[in-house]
Amino acid sequence: MDRKSGRFLLIGIPYLWLGLLFLVPFFIVLKISLSDIAVAIPPYTPTFDLSAGWGGFTKFLSELDFENYIWLIEDDLYINSYLSSLKIAFFSTLLALLVGYPIAYAMAKAPSEWRPTLLMLIILPFWTSFLIRVYAWIGILKPEGFLNQFLMMLGIIDEPLQIINTDTAVYIGIVYSYLPFMVLPLYSALEKLDGALLEAAEDLGCTAIQAFWKVTFPLSMPGIVAGCFLVFIPAIGEFVIPDLLGGSDTIMIGKTLWADFFSNRDWPLASAVAVVLLLLLIVPIVLFQRQQERAQEAEK
Amino acid sequence: MNISPNKKPSARFAPWDDPAQKPLVRFGNVTKRFGSFTAIDNISLDIYEREFFALLGPSGCGKTTMMRMLAGFEKPSEGTISLGGEDIADIPPYKRPVNMMFQSYALFPHMTVEANIAFGLKQDKWPKQQISERVEEMLSLVQLTKFAKRKPHQLSGGQRQRVALARSLAKKPKLLLLDEPLGALDKKLREKTQFELMDIQEKLGMTFVIVTHDQEEAMTVASRIAVMDDGKLIQVATPEVIYEYPNCRYVADFIGDVNLVEGRISTTAEEMVKLSWAEGQGDIDISYKNGCSAGENACLAIRPEKVHVTREEPQDVDNKIRGVIHDIAYIGNLSTYYVKLGNGQIFRAQESNRRRLANREFTWDDQVWLSWRNTAGVLLQK
């Protein structure tokens, strides 16, 4: 094999991977979203029949329509689900930033021999199944759970707080689950920060707090942006956390999608929900990509 | 007042010789310990206004700690540091009228050149108009007006160095600290920048304290040099005195090249001693003013360029020794001859190459005479 085709193969592999595992499934979903629900296996129509030839193909195309998308716009449930998901994802991201920044900052300031251990501790939760960790929160948050028992023991509250099955529990679950994705990019941005810059700021008249806002914070911006996207993007489509920790009035698009797909067996509508969700996510993903490129350029 | 005719009065800047002068900076018995390590060991030092003062020494000698204490990043464990008569030990860095140019320059990467220079002024809440005037002035001082809108990563090393200088000068500090300011520049640029630094210091009439491990740099820029070793001041003097009259072997050896000849003082006369240094060799005459007595161990320190190399035995010289050329280091303008003496010691002598190399007088293994005057070297006592 010559050099050129070797290089082609090397570039080809990720494209092949993307094509097979993302593009092809996406087009299947897109196709289903344009179909109609049917009591059949699979539960939609039309299905693609190669044996019917060209005529069969045009007939197949003519039966596809945007009915499901129109339905999505007309039914409040879907718009509310999307909006509620956006809202929950946005505030969870903000909370994760508020919790994650001090953690990352403390890690970056810790003696260098401690840092690998601290990093390890941040990554450690990944060794346990995500599902189990979310389940564990039920045990903590439920009325007779650890948190309520603890607070009542301290005499802070007289009767259990209703946390489980509320939006609060969903926020707690998302912030907890995605915190490492916030901390790691923040840590890597803060760790690179040259201590001399802070001394220079102090030398030029800043108190430590002013130096933080004028130097540390702006220079950690790439980490903040990366962390926020890494939390925001998966949080929008989150299903497990609102399902296990949220209540019946917690609506998130992941839950809605699940209900349409499994409870209603409305694959076409569920597919349309998924396609719209993907389109919604493309905007932040593209923004994220561009920011990463810019950050890399600035480092050169 | 009696001024010697060949010296301009303005050239005599020596406030350290004038007891009436008050120092700008005074270290009073300052000791600094980090845990069990003593970085600064009971140092007292005065620095005067308008001085360009150099702290010189190998890495780990404590010079950077001295500077960081002036900037306020470290507090002395014992002793006092005063600036303009005021004890500054408890004043935090952001309130001191002292600015520092950092070794790594520490330019804010997210700000333009302009914003970097304006940073301290904004912090001090200068009016907008004055800030932009001052920034303009600083930019033209360091010849970077064209680069005002650039970010630090778009500048060359030399340009960054100038931005760092402009930023540290912008607030008109009483004292400017320069931490190895030219360390990252190449040799040519460094030499050029040294003169620019001196010009700027003279033009602004400010007090500069520079930390460096480069003795040539210290010699070039400084009005006085403090040679440090192991947390102590070894000698504090003008560059000429440091070079010509080092007070100990460490200083003699640290600054430039030197030949050290160990021996014992055989006789002392008025302002003259004789040093006996090897069996069968004549004593060396050394002009010496301070008191010393015969029998003491002592050492002659003499710079290679003060030693002549001749083929014929020189007449009318104070000191002469025979030797064999062991090695020659040719560095273009100069040649250093490594001459092996009768007792096996290697003695360095330097001659400038006024003639082309092809016509060189001596070559390897030639018998030569080394000679020097009795005022050429200094006697170092134990």
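Protein chains get the first letters and strands the later ones, always in sequence-line order, with residue 1 at the start of each.
- For a residue to count as touching a neighbouring chain, one of its non-hydrogen atoms must lie under 4.5 Å from one of that chain's; by this rule B:K95 does not touch chain A.
- The greatest number of non-hydrogen atom pairs below 4.5 Å with chain A, out of B:M101, B:K171, B:Q103, is found for B:K171.
- A cation-pi geometry, defined here as NZ or CZ lying under 6.0 Å from the six-membered ring centre and within 45° of its normal, holds between B:K32 and B:F34.
- Between A:R115 and A:E191 a salt bridge is recorded (basic side-chain N to carboxylate O distance below 4.0 Å).
- The aromatic rings of A:Y178 and A:F130 are tilted relative to each other, their planes meeting at an angle between 30° and 60°.
- Contact tally against chain A (heavy-atom pairs below 4.5 Å) for B:R167, B:K122, B:R96: the top residue is B:R167.
- Only the backbone of B:L107 has a heavy atom closer than 4.5 Å to any heavy atom of chain A.
- Both the backbone and the side chain of A:D203 have a heavy atom closer than 4.5 Å to some heavy atom of chain B.
- The contact between A:A201 and chain B is made by backbone and side chain atoms together, counting heavy-atom distances below 4.5 Å.
- Residues A:F239 and A:L257 fail the side-chain proximity criterion, which asks for heavy atoms closer than 4.5 Å.
- Of the options B:K63, B:R33, B:M69, a side chain to side chain contact (heavy atoms under 4.5 Å, CB included) to B:I40 is made by B:M69 and by none of the others.
- Counting non-hydrogen atoms of other residues, nucleotides and ligands closer than 6.0 Å to CZ of A:F8 gives a total of 12 or fewer.
- Counting heavy-atom pairs under 4.5 Å between each of A:L204, A:T207, A:V215 and chain B puts A:L204 at the top.
- The candidate with the highest count of non-hydrogen atom pairs below 4.5 Å against chain A, out of B:Y94, B:F108, B:F119, is B:Y94.
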